[in-house]
Structure formats: C-alpha cells, structure tokens
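Worksheet: the structure to be examined is printed underneath.
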Number of protein chains: 2
Amino acid sequence: MPKELDAKEKILEAAKGIFYKKGLGGARMAEIAEEAGINKAMLHYYFSSKEQLFETVFEEAFHKIIPSIISVLNSEKPIREKIEEIADFYITTLSANPQLPVFVLNAIQYDPERFLGKFMKNKQMSPQAFMGKLMQQFQQEIQEGKLPPVDPRHLIINLIGLSVFPFMMKPMLKIMMNMDDESFHDLMESRRELIPRFLLDT
Amino acid sequence: MPKELDAKEKILEAAKGIFYKKGLGGARMAEIAEEAGINKAMLHYYFSSKEQLFETVFEEAFHKIIPSIISVLNSEKPIREKIEEIADFYITTLSANPQLPVFVLNAIQYDPERFLGKFMKNKQMSPQAFMGKLMQQFQQEIQEGKLPPVDPRHLIINLIGLSVFPFMMKPMLKIMMNMDDESFHDLMESRRELIPRFLLDT
DNA sequence: GTCTATATGTTGATAGAC
DNA sequence: GTCTATCAACATATAGAC
C-alpha cells in the first residue's frame, strides 16, 4: 500500500502547514485538500472529521516539544548537562519549525481540558513523581557546590522561556531588530551556549 | 448617550473574552452577542463586520503590550531602570490578563502582513531610529562600567522572554509544578526583582 | 437603539459512480 | 482508493418593524 501512505502523508503534511498557521477554527478543509493536491472527499476517507485530523496534528506537535524535555529532566545526568541538552534541543527543533510553540499554546488556550488532558494521562509526567525527583537532585547538587543556590522552579521556567520564546517572537524581532532570516538564525545559534552559561554562571 | 456606550462597551468586553480564547476563526458572533447579553443584530449596528470587531479587539491588545515597552526603551533612563520597569510592567499587566500574549502572537502567526503592519506604520517603532539609539546607550553604559558587557539584542530578548513566557505557559506550569492560582501568582511576583537581578548581576 | 425574521454564502461531511 | 456532485447545517450579515 504505497499509495495509501503517500496520500495520508501528503494530507498530514498539508494539514500541519495550515493548522499551524490558522488553527482549528481558521483552517478550511478545502484549503488542506488543495494544498495536499487531492480531493476534499479524500480527507474524510483517511480522517473521519476535521476535529480528528486536527487532533492528530496537535498530538504530533505536542509530543515533539514536551515529552522530550521531560525525559531529559527525568534522566540521570547532572543538572548542567540537562540544561545544555534542553536548550540545544529547542534551538534545533524550533529553528526547523518556529510556528510550533504558538500553535500548541494556542490550542491549549482554546480548550485546555481537551488539549492538556493528554498531559495527565501520560504516566511519566505525573507532577509529583516528576518534580519531586528533580527538586531532590537540585538540592543535592547545590549542597555539593556544583550549582549556584537557585530556585529550581525559576531555573526551569527561565530555561524554557529563554529557549522557546525568541522563536515565538521571530516575526516581531526581525522587524524590531532589522534582521533577515540568516541573521536571526545566527542569533539563535549563539544562544546554544549563551543560555546555559547565563543560567548557571552567577 | 449612556446607553450607547454601555452597549458598545459590553460588546467589546464580551468580544475580548471570546476572541482571546478562541481567536478569529474559532469565535462565533452569536456567542459574543449572548455573552454581551444583547442581540446578534446589535453587533452589526456597532461593528460593521466580525473582522472589524476582531481588529478593534486586537489593536487594543497589541497596544497594551508592545508600545509601552518601546516607549520605556526610548526614554532617557539608565538601562538598569528600563529593565526593572519593563519586567514590572509585564508582570502587572499579564497577571491581570495571562491570555494576552498567546492571543496577540497567534493573530500575528495567522496573518503577519495584516497584524504586524500596524507596527511599521507607527513612527516611534521605526527599527533604525529605535534600535540605533538604544545600542548606543548600551555601549556607553558598558564602557562606563555600569553594565556587564552583554549583547543588547540578547538582553532585550531575554528580558521579554523571562517576563512574558511564564504567563503563556501558565496552564502547563500549574500542572507540571503542581501549583494553584495563588502559588502561581506568588511565583510571578517574586520575578519582579529576580529578573533584573538575573539579567544584570553577572 | 433594539429586536425578530430572513437572506445569502460557506463549510464540513456524505452518497455513489468509477 | 479516488473522484464529482450534492446535502444539511451553520454563520455572517441585512431588512424592516417597533
């Protein structure tokens, strides 16, 4: 079944492009079909409804940017390495797809129950298990003098904010700071090392 | 004309609540009318179209979070004060309305031409005039030893990111870190002084 | 200024031939 | 699996009475 995968893949690719930009309400099924180079009816052959197609796209986007960092935070590496790895991960991922975070956060703002429910269902993200272990590691490394005495919650928030937010602001930053795509890219690249240094060398 | 202002105000209030959450495409005029406690026809009495109503709401939101900081950056104060003022401004503004940034950034992602055009039109935001003067001030204060030698572009990006991003992540952070509204609020309050210290004491 | 009723155009979804 | 043609529902917008 090469044809089948081909068509389904083309639909998903088109749906991503349009949903990322316009969201659930702003996207039109006809538009997606045209972009995919197929017929409107085909969409409903592979995906029962617009909502289901959207959820498929959302789920992929969500899993692309959230569980990865949870798993890093849950790993056995020292904090310093975790931070470097996460900044690196976001800069790589979002350089290839800057629209991702606004898309995901907008869906969550639209319907938190629905699009954040996938959160709690996931075992490894249970807040207690997850944050508890991490807090402990922080305390220990701080006591050992490996880390400056910082509030772990702020550190995590800062890390994600410093890594992700610039991509959300990309269109505005390009205008405000008079950058083209290349100089924006260079600026983001320089943050790979800047962010960890900035967070830890106090 | 108290009645008139009342109705128009009620419409705008309702429209804000619903557009903030659902965006242009996801919102329904009927929903806004109901929320405002008036009739669907009344919406078109005060606002010619859904698009025009949305643009009104967008413009207000946009001006609430962007020009204020531009004017601070353009002022004559020392960098240190500017930074404190901007962090303070965002934490106050977004504590009252955490949905604002996702709403604005989503509209821009939806149609950059349309919703970022208001940018270039504004005189004071002309990138050259604006960033040029600011860069100069940075250089001078760094030479005078008042500031650590940082790239001004990163500093501005970091400042805004650290101030704004946590509010965009609010629903997710509350779950991940097991916070209720009150402890989230406390955490944000503590950032008023944390952010400037973090940015400047290197 | 405010309402009810209605026109007009889209849109998501399906039926059914190939 | 893929298409054309079509339906039924809905949403924006307007007409017109009060």
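So you know, we letter chains A, B, ... as the sequences are listed, proteins then strands, and number each from 1.
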Legend entry - Between P of D:dA15 and NZ of B:Lys40, the distance in whole Å: 16 Å
Inset, instruction - Rounded to the nearest angstrom, tell me the gap between atom CD1 in B:Ile11 and atom P in C:dT2. - result: 8 Å
Inset, instruction - Please work out if B:Ala27 contacts a base, only the sugar-phosphate, or nothing of the nucleic acid, heavy-atom cut-off 4.0 Å. - result: sugar-phosphate
Legend entry - Atom pair distance, as rounded to whole Å: OH in A:Tyr45 and C1' in C:dG16: 15 Å
Legend entry - Under 3.5 Å side-chain donor-acceptor pair for A:Gln137 and A:Glu141: yes
Legend entry - Atom-pair distance (CE on B:Met42; P on D:dA15), nearest Å: 17 Å
Inset, instruction - For residues B:Phe115 and B:Phe62, establish whether the separation of their ring centroids is below 6.0 Å. - result: no
Legend entry - B:Phe54 ring center near B:Phe103 ring center (under 6.0 Å): yes
Legend entry - From C:dT2, D:dT12, C:dA13, nucleotide with atom closest to A:Lys50 side chain: C:dA13
Legend entry - NZ/NE/NH1/NH2 to OD/OE distance under 4.0 Å, B:Lys16 and B:Glu60: yes
Inset, instruction - Indicate whether OP1 or OP2 belonging to D:dA13 is found under 4.0 Å from a side-chain N or O atom of B:His44. - result: yes
Inset, instruction - Give the nucleotide from the list C:dG12, C:dT2, D:dT2 with an atom nearest to the side chain of A:Met29. - result: C:dG12
Legend entry - Donor-acceptor side-chain pairing of B:Arg153 and B:Asn158 below 3.5 angstrom: no
Legend entry - Whole angstrom value for the distance that separates P of D:dT12 from CG of B:Leu24: 10 Å
Inset, instruction - Could you please name the option among D:dT12, D:dT6, D:dT4 that lies closest to any side-chain atom of A:Asn39? - result: D:dT4
Legend entry - Interatomic distance where CD belongs to A:Glu34 and P belongs to D:dC3 [whole Å]: 13 Å
Inset, instruction - Please determine, for the side chain of A:Ala41, which listed nucleotide (D:dA15, D:dT6, D:dC3) has the closest atom? - result: D:dC3
Inset, instruction - Rounded to the nearest angstrom, tell me the gap between atom CG in A:Leu43 and atom P in C:dT14. - result: 12 Å
Inset, instruction - Indicate whether OP1 or OP2 belonging to D:dT2 is found under 4.0 Å from a side-chain N or O atom of A:Tyr46. - result: yes
Legend entry - Value in whole Å for how far the C1' atom of D:dA13 lies from CD of B:Gln52: 14 Å
